[in-house]
Amino acid sequence: MKIAIGTDHGGFNLKPVLKEYLDKKGIEYKDFGCYGPESVDYNEYALAVSKAVASGEYDLGILICGTGIGMSIVANKVKGIRCGHCHDVFSARMTRLHNDANVLAFGERVIGPGLMIDIVEAFISTPFSGNERHERRVNKIKALEDENFVK
Ligand code: RB5
């Protein structure tokens, strides 16, 4: 599994904790920035990660900003991306099972490192259910993606 990760300054402090966890699990990842604590626009990091996942080069994406909201809004503008904005383990598991989410977003100003790890663990270890009704709904989401989405 290959994971694309990105943060803005609002999520910068959680990134080393996330990387340490992925390293320990032996999971391959690429850090798409940001690379310092200075104030930046979350948009470009959400876009870089989302495009990397949408292209198929990465299996999943993880985005952290202050709240996770800006990142998730941008990610969900990219064709092929279903970004779940999750601050609890149940939602992280369900967004994989039911929505086949391929990007996870959350906020460093909302959760701490311990909960983050549990959320990430649930997200990356849960497969899409493949259930017919959930697949139908995901396909209806895909059908909404038109030429105006970022490719
Ligand atoms: C940055 O101050 C903050 O607005 C950003 O990290 C994020 O929370 C936006 O949704």
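Computed from a predicted structure; not experimentally measured. Counting starts at 1 for both ligands and their atoms, in listed order.
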Checking the N or O distance criterion of under 3.5 Å, is ligand 1 in contact with Gly66?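 So ligand 1 has an N or O lying under 3.5 Å from an N or O of Gly66.
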Regarding Lys30 and Glu57, does a basic nitrogen lie under 4.0 Å from an acidic carboxylate oxygen?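 Salt bridge flag = no for Glu57 with Lys30.
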Carboxylate-amine/guanidinium contact Asp100 Arg96, below 4.0 Å: yes
Where does the angle between the aromatic ring planes of Phe32 and Tyr58 fall among parallel (under 30°), tilted (30 to 60°) and perpendicular (over 60°)? perpendicular
Using the rule side-chain contact (heavy atoms from CB on, under 4.5 Å), only one of Cys65, Cys83, Ser50 pairs with Met71; which is it? Cys65
Give me the nearest non-hydrogen protein atom to [atom] as residue plus atom name, then the distance to 0.1 Å.
atom: atom 7 (C) of ligand 1; result: Cys65 SG, 3.4 Å
atom: atom 4 (O) of ligand 1; result: Arg109 NH1, 4.6 Å
atom: atom 10 (O) of ligand 1; result: Gly70 N, 2.8 Å
atom: atom 5 (C) of ligand 1; result: Asp8 OD2, 3.2 Å
atom: atom 8 (O) of ligand 1; result: Thr67 N, 2.9 Å

In this structure, does ligand 1 have an atom that sits under 4.0 Å from one of the heavy atoms of His9?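 So His9 counts as touching ligand 1.
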Determine whether a donor-acceptor pair (N or O, by modelled atom type, separation under 3.5 Å) exists between the side chain of Asn102 and the backbone of Gly80. yes
Ligand 1 atoms nearer than 4.0 angstrom to some heavy atom of Tyr42 are 9 (C)
So, using side chain to side chain contact (heavy atoms under 4.5 Å, CB included) as the criterion, who are the partners of Val89 when residues are at least two apart?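 Checked Val89 against side chain to side chain contact (heavy atoms under 4.5 Å, CB included); matches are Leu115, Asp118, Ile119, Ala122.
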